[in-house]
Peer 1: 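So that we are looking at the same thing, I have put the structure below in structure tokens.
Here the structure is a predicted model, which means the values were calculated and not measured. The sequence lines fix the lettering, A, B, ..., with proteins before strands; numbering per chain opens at 1.
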Number of protein chains: 2
Amino acid sequence: MAVHVLTVLAYKDGDRVTSAFLADSVNTNPVIIRRLLLALQRAKLVETGKGAGSGSRLSRSAARINLAEIYRAVEDCEPFAKPTRKPNAACPVGQCMRDELEKIFTSAQQALERDLAKTTLAGLIEAVKASACYQRAKK
Amino acid sequence: MAVHVLTVLAYKDGDRVTSAFLADSVNTNPVIIRRLLLALQRAKLVETGKGAGSGSRLSRSAARINLAEIYRAVEDCEPFAKPTRKPNAACPVGQCMRDELEKIFTSAQQALERDLAKTTLAGLIEAVKASACYQRAKK
DNA sequence: CTGAAAAGTAACTTCACGTGTTACATTTGT
DNA sequence: ACAAATGTAACACGTGAAGTTACTTTTCAG
């Protein structure tokens with residue numbers, strides 16, 4: 001969904017877009033968009049101005065933004081289950097294994113991000129334009 | 001947590017273990033273990049017998065089971081957000097982009113699984129035994 | 001300088017989901 | 001036949017994301 005928003009921003013290249021417009025475009029609420037934009041600002045992917053006639057825009061060209069950056073900006077942590085705290089004092093091995101698993105998971109996570117980094121925002125848009133689905137909708 | 005259960009099964013190599021025992025070992029409920037075992041059975045990772053004196057065991061040696069298989073067996077689908085159905089009919093590009101994103105995500109997912117596949121269950125257990133944490137707890 | 005348009009933000013509701021729990025049917029070995 | 005186990009259904013609970021409302025703050029334009 002973050003990708004959807006950034007795609008719209010890429011379309012309006014350089015222009016400032018209000019969160020209300022984005023919200024309408026993604027069919028959701030302006031506040032949610034703003035919460036999302038906050039994360040993207042922290043990641044230096046967008047710039048947002050306040051006040052009337054302002055809005056947000058990409059802080060770099062779409063060709064210089066890859067999906068791994070977006071992923072990192074939005075998904076704060078690992079996609080793995082952190083169980084509802086089973087202290088599990090009984091088994092001494094339990095904690096050790098969690099430590100080892102964490103290592104393995106971060107490695108896997110990095111592999112995932114390396115793959116995502118192969119695709120830039122601009123590349124995604126190109127792929128969409130070239131897709132059969134898009135061609136069909138155009139006519 | 002699936003890993004935790006399988007680790008216990010690997011310890012009791014070949015022996016049948018009841019879900020009650022596993023539940024106690026992971027500090028949870030037998031039913032949850034059984035639900036987990038159902039998924040692992042479907043993935044042909046464990047064999048479970050019914051009736052008295054029965055239980056579950058690994059269907060292969062721990063050295064022949066890698067974490068990617070466990071991941072696939074347990075996490076049925078992608079770790080990516082499937083929004084609460086925003087039909088989003090307004091934007092014709094929306095659907096196209098979801099299709100393209102799906103391609104990219106499955107690619108990233110495969111990269112993740114390739115990395116997980118590098119570690120076998122037996123390898124994980126070895127790593128835990130060698131870890132500083134485990135050595136500390138032993139004394 | 002005033003007003004409107006925007007973001008920032010807090011508090012609340014809603015909803016989906018994983019986890020847990022109880023209860024019961026079913027299977028199977030002794 | 002009985003006891004021990006799994007399979008399974010139905011429900012309660014807690015958590016976290018998404019959504020909603022309302023208010024404050026900033027900034028441009030006249």
Side-chain angles (χ1 to χ4, degrees), chain A residues 1-5 8-9 12 15-43 45-59 70-71 73-88, chain B residues 1-5 8-9 12 15-43 45-59 70-71 73-88:
Chain A
M1 155 164 170
V3 183
H4 204 143
V5 167
V8 177
L9 286 179
K12 310 272 180 184
D15 287 359
R16 312 219 121 168
V17 183
T18 74
S19 58
F21 180 88
L22 288 170
D24 198 62
S25 169
V26 189
N27 197 27
T28 182
N29 194 291
V31 176
I32 302 204
I33 298 293
R34 287 203 273 266
R35 285 208 273 250
L36 183 58
L37 287 174
L38 287 179
L40 296 174
Q41 284 166 38
R42 275 191 287 272
L45 293 178
V46 301
E47 289 171 357
T48 301
K50 293 181 175 183
S54 189
S56 301
R57 66 180 175 191
L58 298 182
S59 54
I70 302 175
Y71 175 78
V74 173
E75 312 284 334
D76 26 24
C77 55
E78 327 96 51
F80 296 103
K82 45 254 162 206
T84 33
R85 286 286 95 201
K86 285 279 165 201
N88 203 351
Chain B
M1 153 164 172
V3 183
H4 204 144
V5 168
V8 178
L9 285 179
K12 310 273 180 182
D15 288 358
R16 312 218 120 167
V17 183
T18 74
S19 58
F21 179 88
L22 288 170
D24 198 61
S25 170
V26 189
N27 197 28
T28 183
N29 196 291
V31 176
I32 302 204
I33 298 294
R34 287 203 275 268
R35 286 208 272 251
L36 183 58
L37 288 174
L38 288 179
L40 296 174
Q41 284 165 38
R42 275 192 288 273
L45 292 179
V46 301
E47 290 171 356
T48 300
K50 294 182 173 182
S54 188
S56 301
R57 65 181 177 191
L58 297 183
S59 54
I70 302 174
Y71 175 79
V74 173
E75 312 283 332
D76 26 25
C77 55
E78 329 96 51
F80 296 104
K82 45 257 164 207
T84 33
R85 284 287 95 201
K86 285 279 162 197
N88 204 351

Peer 1: Calculate the interatomic distance between A:Ile32 atom CD1 and C:dT14 atom C1'; express it in whole Å.
Peer 2: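 Atom CD1 in A:Ile32 sits about 12 Å away from atom C1' in C:dT14.
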Peer 1: Got a second to check how far A:Ser56's OG is from A:Arg16's CZ, nearest 0.5 Å?
Peer 2: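 Going from OG on A:Ser56 over to CZ on A:Arg16, the span is 7.5 Å.
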Peer 1: Does the side chain of B:Leu9 reach to within under 4.5 Å of the side chain of B:Leu22, using non-hydrogen atoms?
Peer 2: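 SC-SC contact between B:Leu9 and B:Leu22 confirmed.
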Peer 1: A:Leu37 has an atom CG; how far is it from atom C1' of C:dT9, in whole Å?
Peer 2: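 In whole Å, C:dT9 C1' and A:Leu37 CG are 14 Å from each other.
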Peer 1: Whole angstrom is fine here: how far is it from CG in B:Leu40 over to P in D:dG7?
Peer 2: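 In whole Å, D:dG7 P lies 11 Å from B:Leu40 CG.
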Peer 1: In this structure, how many angstroms lie between the P atom of C:dA7 and the CD atom of A:Gln41, rounded?
Peer 2: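 The distance from CD of A:Gln41 to P of C:dA7 comes to 10 Å, rounded to the nearest Å.
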Peer 1: Report yes if the side chains of A:Arg34 and A:Leu38 come closer than 4.5 Å at any heavy-atom pair, otherwise no.
Peer 2: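 No, side chains not in contact.
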Peer 1: C:dA7 phosphate, OP1 or OP2: any side-chain N/O from A:Thr48 under 4.0 angstrom?
Peer 2: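 For C:dA7, OP1/OP2 do not have a side-chain N/O of A:Thr48 under 4.0 Å.
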Peer 1: Out of D:dA18, D:dG7, C:dA6, which nucleotide sits closest to the side chain of A:Arg35?
Peer 2: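 Nearest nucleotide to the side chain: D:dA18.
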Peer 1: Would you classify A:Ser56 as touching base, sugar-phosphate or nothing, given that sugar-phosphate means primed atoms plus P, OP1 and OP2, and contacts are heavy atoms under 4.0 Å?
Peer 2: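 Here A:Ser56 touches no strand at all.
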Peer 1: Using whole Å, what does the distance between atom C1' of nucleotide C:dA7 and atom CZ of A:Phe21 come to?
Peer 2: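 Rounding to the nearest Å, CZ of A:Phe21 and C1' of C:dA7 are 17 Å apart.
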Peer 1: If you assign each of B:Ala52 and B:Val31 to its closest nucleotide in DNA chain C, which residue comes earlier from the 5' end?
Peer 2: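 Residue closer to the 5' terminus by nearest nucleotide: B:Val31.
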Peer 1: Can you give me the closest heavy-atom contact between A:Ala73 and A:Leu40, atom names plus distance?
Peer 2: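 Taking A:Ala73 first and A:Leu40 second, the nearest heavy atoms are CB-CD2, 4.1 Å.
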Peer 1: Does B:Ser54 have a side-chain nitrogen or oxygen under 4.0 Å from the phosphate oxygens OP1 or OP2 of D:dT6?
Peer 2: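 So the side-chain polar atoms of B:Ser54 never come under 4.0 Å of the phosphate oxygens OP1 or OP2 of D:dT6.
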Peer 1: May I ask you to evaluate whether A:Thr28 reaches the phosphate of D:dG19, defined as a side-chain N or O under 4.0 Å from OP1 or OP2?
Peer 2: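 Answer yes for this pair, as a side-chain N or O of A:Thr28 is under 4.0 Å from OP1 or OP2.
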Peer 1: Quickly work out the A:Ile33 CD1 to D:dT20 C1' distance and round it to whole Å.
Peer 2: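 Atom-to-atom, A:Ile33 to D:dT20, this comes out as 14 Å.
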Peer 1: Want to settle it: does A:Lys50 or B:Val17 sit nearer the 5' end of DNA chain D, counting the closest nucleotide to each?
Peer 2: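 Its nearest nucleotide lies further toward 5', so the answer is B:Val17.
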Peer 1: Let me know which of B:Val17, B:Val26, B:Thr28, B:Ile70 forms a side-chain contact (heavy atoms from CB on, under 4.5 Å) with B:Val5.
Peer 2: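 Passing option: B:Val26.
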Peer 1: Mind calculating the distance between CG (B:Asn29) and P (C:dT22) to the nearest angstrom?
Peer 2: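 Rounding to the nearest Å, CG of B:Asn29 and P of C:dT22 are 8 Å apart.
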Peer 1: Nearest whole Å is fine: how far is C:dA6 P from A:Arg34 CZ?
Peer 2: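 It works out to 10 Å between those atoms.
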